[in-house]
J.: 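The structure's right below; bear with me while I get my questions together.
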There are 2 protein chains.
Amino acid sequence: MGQFPFQRLQSQLSELIHSLPADSRLPSEPDLARQMGVSRATLREAMRSFEGQGMIRRRQGVGTFVVGKVPVLESGLEVLESIETLAHRIGLSVKTSALHVERIEADEALARVLSLPVNSILTRVSRVIFTDSRPVAYLVDTLPEEFLTPLELGSGFTGSVLDLMLRRGSPKLSTSRTEIRAITASSEVARALQVQRDDVLLQFIAYLYSDGGQIVDYSLSYFLPGYFRFHVVRRVG
Amino acid sequence: MGQFPFQRLQSQLSELIHSLPADSRLPSEPDLARQMGVSRATLREAMRSFEGQGMIRRRQGVGTFVVGKVPVLESGLEVLESIETLAHRIGLSVKTSALHVERIEADEALARVLSLPVNSILTRVSRVIFTDSRPVAYLVDTLPEEFLTPLELGSGFTGSVLDLMLRRGSPKLSTSRTEIRAITASSEVARALQVQRDDVLLQFIAYLYSDGGQIVDYSLSYFLPGYFRFHVVRRVG
DNA sequence: CAGTGGTCTAGACCACACG
DNA sequence: GTGTGGTCTAGACCACTGA
């Protein structure tokens, strides 16, 4: 056995993956491990990075597949827009699924971020965005009941709280302060996005303000790298 | 044995870590695995996420330590500034180490991003930023020799190409287009930042333009989450 | 040198998808 | 049921640190 099984493995796997057509299936893990002359644990560890780069996709009970070119949702961060609007502008088709609307009470942490008393009534909207028959973003909006009640969400509601407010025209919105983080997927988010626990994600934590300076919406967004490309133009000095 | 060793493990470990004072050492991995009633592999997998969150730090040959509160470098993305300038503005002390300056030739990929002929002479400046006696950022600048030669870098050069150009006053700089990604650490970057391979990092890919529209500098930046907090103010519609 | 974290192995059992 | 990926185990050896 070589002294650096891991690096050798990665290049071997890279060649194998690139040599196969899109959507084709790789050998099963036990078979592939035997072929490569390593244990299954080592094989899986090496595969992790390829999955993180979006080159392969593993589906439990089915197999491991080569991923072809994927549509990319590219956007500047200067202007706030919904994923739906972004996709439409680019000419890409996205679908909302797993749309859930809940009525919840503010715990201490939520009360603090929304500047409200504890136990205030809130509306929570969570949803998963699909494109290319794959979940690529998981979005959770939390906002005071005064701005949105579950009852207001009739048919035709796509899940975008931002678009709904813009369509409604009230409250008047001004800006969103968005923090950008790199994180690993929790069990909950991993399930929603059909990735492994501990896979890398881009996270936005956003506070949306009305033109009166009030916090209208607190949102958490999780994006699959590879399907999104965010950029910002920074001025010097 | 319980049916979900992993989740139980995580909460047990979380309690243990929080119950210990900063900088204290955890039991060795074999000991801890025995105490928790799991195999060492499972223990290490659970520890990964804590390390990713910056709660613990593992050092080969030494041990695993609880990390206390760490200084955070917070910054908006609207304005481009060097890490040194940012740290100074916040009142934090950072040190540059592993400063390397090379003279290289543009390969095909570099030539394309810098809009130059292949084999053009380039200057590459790479460095690691320390704070709190820990590497927290790894920065690589690549730029045409006409803008910076290795010879220009006398003593007092901190490593910031941006600051040097601003001090020098030429070329005149306008904006930087910065792409923001969540990635896992390659072996090279992992070594520089003293983290595990596959640990999550925030990456900036930046193109710095002169006011003539020419690309002056192409930079890759890798940030340890937990030590940096980047945000952007987005306007609506 | 002894002790630590980093890597790897061979095998087992589980949860899941699909015929 | 059969075969897949997901998880876990017990043990081994390596690379590194610091006394």
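None of these values were measured; they are calculated from a predicted model. Just so we're on the same page: letters track the sequence lines, and every chain starts at 1. Any value given below was found using the heavy atoms of this structure, including those in side chains, with hydrogens, waters and symmetry copies removed.
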J.: Could you tell me how far apart B/L43 (CG) and C/dG5 (C1') are, to the nearest whole angstrom?
T.: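 Rounded to whole Å, this separation is 11 Å.
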J.: Look up atom CZ in B/R181 and atom CZ in A/F230, then write down how far apart they are to the nearest 0.5 Å.
T.: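 B/R181 CZ to A/F230 CZ: 12.5 Å, rounded to 0.5 Å.
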J.: Is the number of heavy atoms from other residues, nucleotides or ligands within 6.0 Å of CZ (B/R103) greater than 12?
T.: no
J.: Which residues in residues 54-67 of chain A have at least one heavy atom lying under 4.0 Å from any atom of DNA chain D?
T.: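 A/R58, A/R59, A/Q60, A/G61, A/V62, A/G63, A/T64, in order of number.
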J.: Phosphate oxygens OP1/OP2 of D/dT9: is one of them under 4.0 Å from a side-chain N or O of B/T42?
T.: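 The answer is yes; a side-chain N or O of B/T42 sits under 4.0 Å from OP1 or OP2.
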J.: Given pairs defined as Watson-Crick or G-U wobble with both distances under 3.5 Å, what dot-bracket annotation applies to DNA chain D, with ( ) intrastrand, [ ] crossing, | other strand and . unpaired?
T.: ||||||||||||||||||.
J.: Distance alone, cut at 3.5 Å: any donor-acceptor contact between the side chains of A/Q194 and A/R59?
T.: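 A/R59 and A/Q194 do not have a side-chain donor-acceptor pair below 3.5 Å.
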J.: Going by atom types only, do A/E188 and A/Y138 share a side-chain donor-acceptor pair under 3.5 Å?
T.: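 Per modelled atom types, A/E188 and A/Y138 side chains form a pair under 3.5 Å.
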J.: For B/M36 and D/dT7, what is the distance between atoms CE and C1' respectively, to the nearest whole Å?
T.: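 It works out to 19 Å between those atoms.
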J.: Could you tell me which residues satisfy side-chain contact (heavy atoms from CB on, under 4.5 Å) with A/S49, sequence neighbours excluded, listed by chain and number?
T.: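 side-chain contact (heavy atoms from CB on, under 4.5 Å) check on A/S49 returns A/Q10, A/Q53, B/D198.
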J.: Is it the case that A/S11 and A/S14 place a side-chain donor and acceptor less than 3.5 Å from each other?
T.: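 No, because no side-chain N or O of A/S11 sits under 3.5 Å from a partner of the opposite role on A/S14.
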J.: A/D107 side chain to A/A109 main-chain N or O, any donor-acceptor pair under 3.5 Å?
T.: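 It does hold such a pair.
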J.: Where the side chain of B/R44 is concerned, which of D/dT4, D/dC8, C/dG5 is the nearest nucleotide?
T.: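 Comparing D/dT4, D/dC8, C/dG5 against the side chain of B/R44, the answer is C/dG5.
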J.: Of all of residues 186-201 of chain A, which get a heavy atom below 4.0 angstrom from DNA chain D, listed by number?
T.: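 Close to the strand are A/Q196, A/R197.
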J.: Between A/E152 (side chain) and A/T149 (backbone), is there a donor-acceptor pair under 3.5 Å?
T.: yes
J.: For B/T64 and B/R58, test the side chains for any donor-to-acceptor distance below 3.5 angstrom and give the result as yes or no.
T.: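 There is no such pair (donor and acceptor under 3.5 Å, judged by atom type) between the side chains of B/T64 and B/R58.
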J.: With rounding to the nearest 0.5 Å, note down the distance linking OG1 in B/T96 to CG in B/L139.
T.: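 One gets 8.0 Å once the value is rounded to the nearest 0.5 Å.
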J.: Measure from CG on B/L9 to C1' on D/dC8 and round the result to the nearest Å.
T.: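 Rounded to whole Å, this separation is 11 Å.
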J.: Separation of B/M47 atom CE from C/dG6 atom C1', in whole Å?
T.: 13 Å
J.: Answer with base, sugar-phosphate or nothing: what part of the nucleic acid does B/R25 contact at a heavy-atom distance below 4.0 Å?
T.: sugar-phosphate
J.: Just the rounded figure in Å: distance from C1' of D/dC8 to CZ of B/R48.
T.: 16 Å
J.: Considering residues at least two apart in sequence or located in another chain, which fulfil the side-chain contact (heavy atoms from CB on, under 4.5 Å) criterion with A/S160?
T.: A/S82, A/E84, A/R127, A/T158, A/L162, A/D163
J.: Quick check: closest heavy atoms across B/L224 and B/P135, and the distance to 0.1 Å?
T.: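 Smallest interatomic distance, heavy atoms only, reads CD2-O, 3.6 Å.
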J.: Whole Å only: how far is the CD atom of A/E29 from the C1' atom of C/dT9?
T.: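 Going from CD in A/E29 over to C1' in C/dT9 covers 15 Å.
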J.: Would you kindly give the CD-to-C1' distance between A/Q7 and C/dG6, to the nearest whole Å?
T.: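 Answer to the nearest Å: 14 Å.
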J.: Between the main-chain N or O of A/S93 and the side-chain N or O of A/T131, is there a donor-acceptor pair closer than 3.5 Å?
T.: yes
J.: Dump the pairs, protein N or O against N or O of nucleotides 10-13 of chain D, anything under 3.5 Å, distances to one decimal.
T.:
residue	atom	partner	partner atom	Å
D/dA12	N6	B/R40	NH1	3.2

J.: If we ignore angles and hydrogens, is there a donor and acceptor under 3.5 Å between the side chains of B/R234 and A/S176?
T.: no
